[in-house]
Visitor: 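Before we start, here is the structure in question, set down as structure tokens.
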Amino acid sequence: EAPLQLIRMFRPLAILSALLLLAPNVHAAPRRHSVPHPTEFTAVDLIARDAIAGGIPGISIAVLKGDEPLFAKGYGVENLSTKVPVKTSTIFEIGSITKQFTAAAIMRLVEQGKLRVDEKAGTFVPELDAKFATVTIEHLLTHTSGIPEYNDLLTTAYLARSQSEMMSLINQRPRLFAPGTAWSYSNSNYYLLGMVLERLTADTYPHSMRQNFFLPLGLTSTDYCQTPLRAGYWRQSGTTELVQPADMSLAFAAGAICSTATDLARWNHALVTGHAVSTSSYARMATSYRLTNGTKTNYGYALVVDTLDGRPRVWHNGAILGYMANLAWYPNSDLTIAVLVNLVDLNGRDLGTEISDRIARALLK
């Protein structure tokens, strides 16, 4: 059985250390940063090799400047026994980066006039308990609903569950807070958004994502994860072990998409340039939500809005059994960095984000 840490398998690690810190708007006054020519990417190569030497079995990295691929390379192996090398075409589970696709699909419905973000979630999911009656679609998108985390109630990661069974878990515990008054990351929010999408489109989440995003945007290596995908690894107290993949019915619209680093970098470019959703929809996604007391959360719709060493960035990470991921965009340089690893560190290190941050610091000088 998976250990207790599985219960946070889609949860970004330490996204918001303090809600009282005000994040800059991603459209703040430009502060330009140079990006070296691709031939000068020795630093990225060294960062990746250092991470492999530190015990990560496999890593895939892609870097874009605008729509220009600057760097794409795989390191290490998919499996420590078979030694199959990681390539740029190697598919990884991306965990919570899935939420960007879910949020974009919701915004498509908003653009089509089929949904408003101020509508009550219970209108579309009447099974939602009455204690969550005032929760809106926007509360779900921004993790300000007060609906508790369903992962905390799972006893296994490997048993498929129906939507009705998942709703029983979501409804089981008391509301954490009045909607809009606080921020608490909860996969329950995006599970519910997946149900909203399925009911409004009369289509399954996997098929809808395929038809509306993956195929039209040329994301040929991106799809709803097939169970089981090849196994990844976890590490605790210096020991690395192969781990059975989680059943994707548990992740659903909160974390069940698989992709490559190059596809994720392309996805981000499509998202920020108006090809996935309208530019106004993206601007809304990338705007920090304000609580009822006026405090910024540093979180929009499946996007973290903050800075790295004073540089504005928009990003999200992901963690699911055996895999960690990070997708970051630095708007002032139009630089996208995608990092995928096949190891979860159970001692709390966010490996994908660590590598991504190191790359950003090396390239943005």
Visitor: Looking only at atom types and distance, does a side-chain atom of Glu111 sit under 3.5 Å from a main-chain N or O of Ser278, one as donor and one as acceptor?
Guide: yes
Visitor: Sort out for me which residue in Tyr289, Phe177, Tyr299 forms a ring-ring contact (aromatic ring centres under 6.0 Å, His included) with Trp183.
Guide: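 Running ring-ring contact (aromatic ring centres under 6.0 Å, His included) over Tyr289, Phe177, Tyr299 with Trp183 returns exactly one hit, Tyr299.
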Visitor: Quick one: do Leu154 and Met248 end up in the same hydrophobic cluster if we chain Ile, Leu, Val, Met, Phe, Trp and Tyr together by side-chain heavy atoms under 4.5 Å apart?
Guide: yes
Visitor: When hydrophobic residues are tied together by side-chain contacts of less than 4.5 Å, even through go-betweens, does Leu176 share a cluster with Ile147?
Guide: no
Visitor: Please report the interatomic distance CG(Asp306) to OG1(Thr297), rounded to the nearest 0.5 Å.
Guide: 11.0 Å
Visitor: Can you tell me how far CD1 of Ile91 sits from CD of Gln226, rounded to the nearest 0.5 angstrom?
Guide: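 Here the interatomic distance stands at 10.0 Å.
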Visitor: Just do the side-chain contact (heavy atoms from CB on, under 4.5 Å) check on Gln100 and Leu303 with the steps written out, would you?
Guide: CA-CA 7 Å; Gln100 294 184 10; Leu303 293 169; 3.5 Å; yes
Visitor: So do Tyr150 and Gln172 actually touch side chain to side chain, heavy atoms under 4.5 Å?
Guide: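 Counting from C-beta outward, Gln172 and Tyr150 never come under 4.5 Å.
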Visitor: Check whether any side-chain heavy atom of Glu68 sits under 4.5 Å from a side-chain heavy atom of Leu70, and report yes or no.
Guide: yes
Visitor: Under the 3.5 angstrom rule, does the side chain of Thr262 hit a backbone N or O of Ala62 as a donor-acceptor pair?
Guide: no
Visitor: Leu264 and side-chain contact (heavy atoms from CB on, under 4.5 Å): which partner among Leu219, Leu64, Thr336, Ile97?
Guide: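 Between Leu264 and the candidates, side-chain contact (heavy atoms from CB on, under 4.5 Å) is satisfied uniquely by Ile97.
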Visitor: Taking the side chain as every heavy atom from C-beta outward, state whether Ile94 and Ser259 have any pair of such atoms under 4.5 Å apart.
Guide: yes
Visitor: Does the Asp129 side chain pair with the main chain of Asn171, one donor and one acceptor, at a distance under 3.5 Å?
Guide: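 No, the answer is negative, given that no donor and acceptor are paired below the 3.5 Å cut-off.
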Visitor: Working to the nearest 0.5 angstrom, can you tell me the gap between Met209 CE and Thr222 OG1?
Guide: 12.5 Å
Visitor: Is there a path of hydrophobic side-chain contacts, each under 4.5 Å between heavy atoms of I, L, V, M, F, W or Y residues, that connects Leu153 with Phe132?
Guide: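 Yes, because Leu153 and Phe132 connect within a single hydrophobic cluster, where side-chain heavy atoms sit under 4.5 Å apart.
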Visitor: Please check this pair: side chain of Glu149 against backbone of Asn187, looking for a donor-acceptor N/O pair closer than 3.5 Å.
Guide: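 At least one qualifying donor-acceptor pair exists.
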Visitor: With distance as the sole criterion, is a donor-acceptor pair present between the side chains of Ser186 and Ser184 under 3.5 Å?
Guide: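 There is no such pair between these side chains.
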Visitor: Any heavy-atom pair between the side chains of Thr307 and Tyr330 that's under 4.5 Å?
Guide: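 Tyr330 does not reach Thr307 side chain to side chain.
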Visitor: Is any side-chain heavy atom of Val84 less than 4.5 Å from a side-chain heavy atom of Asn79?
Guide: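 Side chain of Val84 against side chain of Asn79, heavy atoms only: no contact under 4.5 Å found.
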Visitor: For a 4.5 angstrom cut-off between non-hydrogen side-chain atoms, does Val277 reach Leu271?
Guide: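 Val277 vs Leu271: side chains touch.
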Visitor: Hey, mind stepping through Leu327 and His316 against side-chain contact (heavy atoms from CB on, under 4.5 Å) and telling me if it holds?
Guide: CA-CA 6 Å; Leu327 179 60; His316 211 286; 5.9 Å; no
Visitor: Glu198 versus Thr204: any side-chain heavy-atom pair under 4.5 Å?
Guide: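 With C-beta onward as the side chain, the pair touches.
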Visitor: Look up atom NZ in Lys73 and atom CG in Asp45, then write down how far apart they are to the nearest 0.5 Å.
Guide: 4.0 Å
Visitor: Quick one: do Asn189 and Leu141 satisfy side-chain contact (heavy atoms from CB on, under 4.5 Å)? Show the steps, please.
Guide: CA-CA 7 Å; Asn189 294 313; Leu141 288 164; over 6 Å; no
Visitor: Group every Ile, Leu, Val, Met, Phe, Trp and Tyr by side-chain heavy-atom contacts under 4.5 Å, then state whether Leu169 and Val125 land in the same group.
Guide: yes
Visitor: Side chain of Asn342, backbone of Glu78: donor and acceptor closer than 3.5 Å?
Guide: yes
Visitor: In terms of hydrophobic clustering (I, L, V, M, F, W, Y; side-chain heavy atoms under 4.5 Å; direct or indirect links), are Val110 and Val135 co-clustered?
Guide: yes
Visitor: Please test Arg358 against Val44 for side-chain contact (heavy atoms from CB on, under 4.5 Å), starting from the C-alpha separation and ending with a verdict.
Guide: CA-CA 8 Å; Arg358 288 186 66 189; Val44 178; over 6 Å; no
Visitor: Looking at Thr102 and Ala253, would you say the former's side chain and the latter's main chain have a donor-acceptor pair under 3.5 Å?
Guide: yes
Visitor: Do the charged groups of Asp334 and Lys65 touch, with an N to O distance under 4.0 Å?
Guide: no
Visitor: Which heavy atom of Ala231 sits nearest a heavy atom of Val243, and at what distance?
Guide: CB-O, 3.2 Å
Visitor: Taking atom NZ of Lys131 as the centre, report whether more than 12 heavy atoms of other residues, nucleotides or ligands fall under 6.0 Å from it.
Guide: yes
Visitor: Using modelled atom types only, decide if a donor and an acceptor are shared between the side chain of Arg175 and the backbone of Gly146 within a distance under 3.5 Å.
Guide: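 Answer holds: no.
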Visitor: Do Thr136 and Asp118 have side-chain N/O donor and acceptor atoms under 3.5 Å apart?
Guide: no
Visitor: When you measure from the side chain of Arg266 to the backbone N and O of Gly218, does any donor-acceptor pair fall under 3.5 Å?
Guide: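 Checking the backbone N and O of Gly218 against the side chain of Arg266, no donor-acceptor pair under 3.5 Å is found.
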Visitor: Looking at Arg108 and His275, what are the two nearest heavy atoms and their distance?
Guide: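 Closest approach of Arg108 to His275, heavy atoms only: NH2-O, 4.2 Å.
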Visitor: Please report the closest heavy-atom contact between Tyr190 and Tyr301, naming both atoms and the distance.
Guide: OH-C, 3.8 Å
Visitor: Does a salt bridge link Arg210 with Asp203, judged by any charged N lying under 4.0 Å from a carboxylate O?
Guide: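 Salt bridge absent between Arg210 and Asp203.
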Visitor: How long is the span from the CG atom in Asn212 to the CZ atom in Phe101, to the nearest 0.5 Å?
Guide: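 One gets 12.5 Å once the value is rounded to the nearest 0.5 Å.
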Visitor: Mark yes or no for whether Thr295, through its side chain, and Leu291, through its backbone, hold a donor-acceptor pair below 3.5 Å.
Guide: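 Flag not set: sc Thr295 to bb Leu291 has no pair under 3.5 Å.
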Visitor: Examine distances only and state if a side-chain atom of Ser356 and a backbone atom of Gly352 form a donor-acceptor pair shorter than 3.5 Å.
Guide: no
Visitor: Name the orientation class of the two ring planes belonging to Tyr185 and His143 (parallel below 30°, tilted from 30 to 60°, perpendicular beyond 60°).
Guide: tilted
Visitor: Can you tell me how far apart OH (Tyr233) and CG (Leu242) are? Round to the nearest 0.5 Å.
Guide: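 One finds 5.0 Å between OH of Tyr233 and CG of Leu242.
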Visitor: Please report the shortest heavy-atom distance between Thr220 and Asp263, naming the atom on each side.
Guide: N-OD2, 3.4 Å
Visitor: When Trp267 is tested against each of Phe213, Phe214, Trp329 for ring-ring contact (aromatic ring centres under 6.0 Å, His included), which residue passes?
Guide: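 Only one option passes, and that is Phe213.
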Visitor: Tell me, do Met167 and Met195 make a side-chain contact under 4.5 Å, heavy atoms counted?
Guide: yes
Visitor: Considering non-hydrogen atoms only, spot the tightest contact between Val314 and Ala286 and give its length.
Guide: CG1-CB, 4.4 Å
Visitor: Minimum heavy-atom separation for Ala133 and Lys120, please, with both atom names.
Guide: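 Between these two residues, the closest heavy atoms are O-CD, 3.4 Å.
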